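Since we're looking at a predicted model, the values are computed, not measured.
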Amino acid sequence: MNDEFPLGSYVVDTRTGRLGQVMDTHAGYVQLRPPRGGIEWSCPPSAIRLPSDAEAEAQIRIRPQAGAANGGRAPERAGGRTGGGADAGGNAGERGRSR
């Protein structure tokens, strides 16, 4: 790994101007990932540079905490059920008993 661009550091791909986080190196290329996640891309080490403070601040945002977007509630499960452990009839304590 290049000591100038250690894992986890942010760099700019000078070919596109995109900011990326250094994730790995492979076959002579640096693997970069967008700051807020997404698909990684390969960049030759000769085409990366450190970002200016303004570039980093403009593109790196603190991700909201989980649940903040929905008022702190847990995300709803598929099918609309949010409770756990109940069967389709809502009888959590009735499993295994004959009716």
So, for [X] and [Y], which heavy atoms are closest and what is the spacing to 0.1 Å?
X: Gly28; Y: Pro45; value: O-CD, 3.2 Å
X: Val22; Y: Phe5; value: CG1-O, 3.9 Å
X: Gly38; Y: Arg33; value: O-CG, 3.8 Å
X: Val30; Y: Ile48; value: CG2-CD1, 3.9 Å

Name all residues meeting the side chain to side chain donor-acceptor pair (under 3.5 Å) criterion together with Thr14; count only those two or more places apart in sequence or in a different chain, and write none if there are none.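 Side chain to side chain donor-acceptor pair (under 3.5 Å) check on Thr14 returns nothing, list empty.
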Is there side-chain contact between [X] and [Y], with heavy atoms separated by less than 4.5 Å?
X: Arg15; Y: Pro44; answer: yes
X: Leu50; Y: Val12; answer: no
X: Gln21; Y: Ser9; answer: no
X: Gln31; Y: Ser42; answer: yes

With a 4.0 Å cut-off on N to O distance, would you call Glu55 and Arg49 a salt bridge?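 Between Arg49 and Glu55 there is a salt bridge, with a charged N closer than 4.0 Å to a carboxylate O.
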Nearest-0.5 Å distance that lies between atom CD1 in Ile39 and atom CG in Leu32: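 Interatomic distance, Ile39 CD1 to Leu32 CG, rounded to 0.5 Å: 14.0 Å.
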Are Tyr29 and Tyr10 connected, step by step, through hydrophobic side chains (Ile, Leu, Val, Met, Phe, Trp, Tyr) whose heavy atoms are closer than 4.5 Å?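 No, it is not one cluster - the side chains of Tyr29 and Tyr10 are not joined through contacts under 4.5 Å.
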